[in-house]
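To start, the structure itself, in structure tokens.
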Protein chains: 2
Amino acid sequence: MNAELDSFDLAILAILQRDNLRPQREVAEQVNLSPAAVQRRIRRLQDSGVIAANTAQLSPEAVGRPLTIFIEVQLVNELDALTQGFRARVAAETAVQQCYAVTGQTDYLLVVTAGDMQEYQAITQRLFDGDQNIQRFNTSIALATLKRSLHLPLPAR
Amino acid sequence: MNAELDSFDLAILAILQRDNLRPQREVAEQVNLSPAAVQRRIRRLQDSGVIAANTAQLSPEAVGRPLTIFIEVQLVNELDALTQGFRARVAAETAVQQCYAVTGQTDYLLVVTAGDMQEYQAITQRLFDGDQNIQRFNTSIALATLKRSLHLPLPAR
DNA sequence: CTTGAAAGCCACATTTA
DNA sequence: TAAATGTGGCTTTCAAG
């Protein structure tokens, strides 16, 4: 899926990653290309999956979800068949923003948002209750958010 | 900052959170409002900070950053003056996507991207080397990414 | 809601590698 | 030859009156 990005592509991506509503005309000026060329490249980057999504990032506090919570999950057995239910519940739970299988003492790391602790408790119940394959899970709470994005540093090329 | 969001705002946000390039006309159809009303509301949501940013989300693999790495950091002393340098380096380090001050055994949780382990090592050096206030840090690596977004569930209202 | 301005989109001719 | 660029016209979207 690596689409052989040249320096024009990278320059375009660097801009769109910060502000994807910027007019193609302006992007074209900044990267020294014609607007049409920029459009074609953006289209290609979309189709090839380099641009995975175009999203508005919302303020968690403004929409009533001030809590960011981390859950480290330890399983009894990592066998695919035994984790299937858990993975399905994670996928279905919209409060789970991020979920990674990780190395180390724990098996999964989840990033969850909630409006309050009561709601968080309901989420954990839905995720874990009754699953015999969950050995334990460890909750920690974000006291402060110093940085939050999915920005990727791009090579200068 | 809480801008008193009504059900129209929430419906608009739900759409833009998933695809902020959708024409306002289509958004208007979906939420049963006139395009002009949608435009005014989007403008207001931007200005009030409910919409914090409009970004293209890139594929980490496609841009050569397949590694997602988590660092739990334990400090010697959490005093503001002593953590200032660390926080500044985190802010400057573009490979650090997310950084939270957390409860529990560790003080900070960082989410970092890298192209390979060598690059990761260089990052940790820049972040931690020579800082007497860093007690220890613990690295774990994402073996798989089941979910990755900053999507926020919105109340139905 | 209507209207002018701007942005996005597409076809064609041209260039470059 | 094949792929990519720029120009220009056309349509849609945006944004103000």
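We name chains A, B, ... by the order of the sequence lines, and we start the count at 1 in each one.
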Quickly work out the [X] [atom1] to [N] [atom2] distance and round it to whole Å.
{"X": "B:I42", "N": "D:dA16", "atom1": "CD1", "atom2": "C1'", "value": "16 Å"}
{"X": "B:L21", "N": "C:dA7", "atom1": "CG", "atom2": "P", "value": "15 Å"}
{"X": "B:N20", "N": "C:dG8", "atom1": "CG", "atom2": "P", "value": "12 Å"}

List for me each residue that meets side chain to side chain contact (heavy atoms under 4.5 Å, CB included) alongside B:Q30, sequence neighbours excluded, and say none if there are none.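 B:Q30 satisfies side chain to side chain contact (heavy atoms under 4.5 Å, CB included) with B:I15, B:R22 only.
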
Sequence neighbours left out, what passes side chain to side chain contact (heavy atoms under 4.5 Å, CB included) with A:F128? Give chain and number order. A:I71, A:V73, A:F86, A:T124, A:I134, A:F137

Got more than 12 heavy atoms from elsewhere within 6.0 Å of CD, B:Q132?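 12 or below, so no.
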
Restricting to salt bridge (Lys or Arg N to Asp or Glu O under 4.0 Å), what partner residues turn up for A:E93, sequence neighbours left out?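 A:E93 satisfies salt bridge (Lys or Arg N to Asp or Glu O under 4.0 Å) with A:R126 only.
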
Under 3.5 Å, is there a donor-acceptor pair between the B:Y100 and B:Q98 side chains?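 B:Y100 vs B:Q98: donor-acceptor pair found between side chains.
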
Heteroatom pairs (N/O) under 3.5 angstrom, protein to nucleotides 10-13 of chain C:
unit_1: C:dC10; atom_1: OP2; unit_2: A:R43; atom_2: NH2; d: 3.2

With a 4.0 Å heavy-atom cut-off, tell me which residues in residues 23-32 of chain B come close to DNA chain D, sorted by residue number. B:P23, B:Q24, B:R25

In this structure, which one of B:Q17, B:R18, B:Q57 forms a side chain to side chain donor-acceptor pair (under 3.5 Å) with A:T55?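 It is B:Q57, the one option of B:Q17, B:R18, B:Q57 that forms the side chain to side chain donor-acceptor pair (under 3.5 Å) with A:T55.
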
Listing, residues 102-110 of chain B side-chain donor-acceptor contacts under 3.5 Å, not counting sequence neighbours, or none:
unit_1: B:T103; atom_1: OG1; unit_2: A:I141; atom_2: N; d: 2.9
unit_1: B:D107; atom_1: OD2; unit_2: B:L75; atom_2: N; d: 2.7

Quick one, A:R148 and A:P60 - any side-chain contact, counting heavy atoms below 4.5 Å?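 Yes, side chains in contact.
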
